[in-house]
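Let me begin by presenting the structure, written as structure tokens, before commenting on it.
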Number of protein chains: 2
Amino acid sequence: MGGEDTLLPVEPVFLKSLRDHVYGLVRDAIISGKLKGGDKLNERQLASQLGISTTPLKEALRVLEAEGLVRSEARRGIYVTFDAAQAEEMMLARAAIESMIARQAAKHVTKAQVTQLRTLIVEMRAGLETVDVLELIALNERFHNVIHEASGCGYLRRLQSGQNIYTQTARLIVLSEERERFQAVEEHEAIADAIASHDAELAERLMRDHVIRSGEKHLIRVQAEN
Amino acid sequence: MGGEDTLLPVEPVFLKSLRDHVYGLVRDAIISGKLKGGDKLNERQLASQLGISTTPLKEALRVLEAEGLVRSEARRGIYVTFDAAQAEEMMLARAAIESMIARQAAKHVTKAQVTQLRTLIVEMRAGLETVDVLELIALNERFHNVIHEASGCGYLRRLQSGQNIYTQTARLIVLSEERERFQAVEEHEAIADAIASHDAELAERLMRDHVIRSGEKHLIRVQAEN
DNA sequence: ATCTGAAATTTGATATATCAATTTGCCGCG
DNA sequence: CGCGGCAAATTGATATATCAAATTTCAGAT
């Protein structure tokens with residue numbers, strides 16, 4: 001087993017339910033590598049470490065199992081299944097879903113949303129000049145959010161968010177390379193153009209290639225950290 | 001190790017945990033329309049109806065929530081969120097993921113797997129002649145399974161299976177149309193050719209269009225039933 | 001020393017009790 | 001009649017106890 005002793009307390013204010021809080025703790029521990037593929041989780045022990053009962057923990061583990069991060073064997077144990085190979089597949093899943101969202105966005109986007117996308121591109125170019133990486137990260141998120149909203153696909157959006165395994169620091173590191181910053185903005189502009197011209201097929205392909213290319217860089221970073 | 005293959009006389013039904021069983025019951029009720037979008041579920045009442053305690057039910061509901069079929073509001077209630085719009089989005093999700101799987105399959109497929117695909121196509125043609133719809137359904141599943149295996153993507157495969165909302169009867173009805181049977185086999189052959197020639201881009205596009213076109217027919221059927 | 005198998009232990013599965021937030025209903029006041 | 005507001009009822013959240021399957025331990029036989 002790997003280092004779940006470093007998983008921490010649940011003391012913080014009751015902003016959300018224990019199960020949601022614990023879900024986040026364990027998921028982060030898995031994604032960040034504190035819990036590695038093959039590690040066994042003990043319900044009682046983990047609940048006791050967190051200072052909670054097994055009920056909310058069991059519910060959190062069920063969600064993680066539904067997401068494919070752990071596998072539960074009846075009366076045997078709960079094992080972490082997430083590894084580098086799955087990280088790559090989750091990136092591919094993001095690419096698949098995000099590109100389908102872009103496809104739908106190209107079909108349903110409004111003129112106002114096109115304007116929002118173009119404005120964001122302009123701001124991204126400004127961010128390139130000032131080398132404001134944090135600002136670029138925020139703009140990237142807003143850019144994708146506008147596309148999500150344009151698509152009108154709430155379920156796909158939700159499904160997509162479940163495939164996110166990149167931390168803020170990983171994003172910072174990836175965008176610390178000037179070449180990457182420029183390429184990302186170029187790709188975003190091409191995607192915005194495709195959506196603006198209602199070219200669903202092109203928007204889908206460009207988005208897929210963008211997510212995969214950018215994702216590979218993140219994955220390299222993640223692997224380097226572990 | 002080994003030899004346990006002949007020692008499994010236990011009924012599968014009893015091996016399944018209550019939570020898994022209940023999960024299946026509620027999911028089917030939602031997908032089939034017995035529970036409609038907006039319906040409120042009461043934990044105690046439902047547990048009592050099913051003759052179980054709330055513990056396994058809560059876990060089942062957490063999984064359904066993770067899948068986006070219900071939404072839980074703390075100390076307020078659990079509401080069914082699945083509706084026709086989400087059914088369409090789940091079909092799009094299937095198309096997105098299945099096409100990504102086809103893309104990976106085109107990259108990693110072996111000669112033996114290509115042979116399997118070609119054999120299945122031949123059998124499908126035979127099924128067209130004999131109008132054996134059940135056989136066609138089984139062949140379709142095997143066809144997609146070979147592609148899944150060729151892709152080597154276990155996570156994507158799992159994610160894909162979560163998007164399945166078609167019943168056997170729905171498949172029967174859709175394939176009851178001769179035009180649909182022929183078109184499906186034609187599309188399958190084109191997909192097999194693309195994968196055989198390692199054309200990832202084409203395989204992805206063909207698979208996506210196939211799942212969407214075929215999915216729309218299923219959705220029309222589902223809507224007609226409700 | 002190795003194998004067998006039964007007892008003790010572990011552990012997830014399930015049931016039940018309790019807590020606390022929310023809703024509901026009723027009463028009185030304007 | 002309408003509107004606050006408090007008490008009771010409802011309900012999901014959490015804690016704890018119990019059950020049963022799986023694993024481990026270890027005595028006894030070979």
Side-chain angles (χ1 to χ4, degrees), chain A residues 1 4-5 7-26 30 35 38-81, chain B residues 1-5 7-26 30 35 38-81:
Chain A
M1 312 220 268
E4 63 273 27
D5 50 318
L7 273 187
L8 273 194
V10 121
E11 318 293 350
V13 210
F14 282 47
L15 292 173
K16 46 184 177 181
S17 66
L18 283 179
R19 81 159 178 258
D20 288 347
H21 189 71
V22 165
Y23 160 77
L25 282 179
V26 179
I30 293 173
L35 288 173
D39 282 0
K40 183 176 181 177
L41 303 182
N42 182 301
E43 285 189 357
R44 287 173 219 247
Q45 178 186 330
L46 190 48
S48 139
Q49 279 180 11
L50 296 166
I52 63 175
S53 76
T54 62
T55 311
L57 175 60
K58 285 176 79 70
E59 294 184 44
L61 290 173
R62 239 26 353 95
V63 176
L64 291 169
E65 185 178 18
E67 292 180 355
L69 295 179
V70 307
R71 181 173 43 87
S72 169
E73 295 182 22
R75 294 178 189 87
R76 288 179 55 86
I78 297 150
Y79 298 88
V80 177
T81 59
Chain B
M1 322 298 277
E4 67 274 19
D5 49 329
L7 309 176
L8 301 172
V10 192
E11 289 287 66
V13 175
F14 297 117
L15 285 178
K16 210 166 156 188
S17 65
L18 281 181
R19 79 158 180 260
D20 288 347
H21 192 245
V22 165
Y23 160 78
L25 283 180
V26 179
I30 293 174
L35 288 173
D39 282 0
K40 183 175 180 178
L41 304 181
N42 183 300
E43 285 190 355
R44 285 172 220 246
Q45 178 187 329
L46 190 49
S48 132
Q49 278 180 10
L50 296 167
I52 63 175
S53 78
T54 62
T55 310
L57 175 61
K58 285 177 78 70
E59 295 182 46
L61 290 173
R62 264 327 56 69
V63 176
L64 291 169
E65 184 178 18
E67 291 180 357
L69 295 179
V70 306
R71 181 172 43 87
S72 170
E73 295 182 23
R75 296 180 187 86
R76 288 180 54 87
I78 297 150
Y79 299 88
V80 177
T81 60

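The sequence lines fix the lettering, A, B, ..., with proteins before strands; numbering per chain opens at 1.
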Can you build the contact string for nucleotides 12-21 of chain C? Use B for base contact, S for sugar-phosphate-only contact, and - for no protein heavy atom under 4.0 Å.
BBBBB-B--S

Counterpart residues, salt bridge (Lys or Arg N to Asp or Glu O under 4.0 Å), relative to B:R44 (two or more places apart):
none

Under the salt bridge (Lys or Arg N to Asp or Glu O under 4.0 Å) test, residues paired with A:R62 that sit two or more places apart:
A:E65, B:E59

Test of understanding: with side-chain contact (heavy atoms from CB on, under 4.5 Å), list the residues that count as partners of A:S53, not counting sequence neighbours.
A:T55, A:P56

What salt bridge (charged side-chain N to carboxylate O under 4.0 Å, His left out) pairs are there with at least one residue in residues 46-56 of chain A, not counting sequence neighbours?
none

Output all residues satisfying side chain to side chain donor-acceptor pair (under 3.5 Å) with B:D20, sequence neighbours left out; order by chain, then residue number.
B:S17

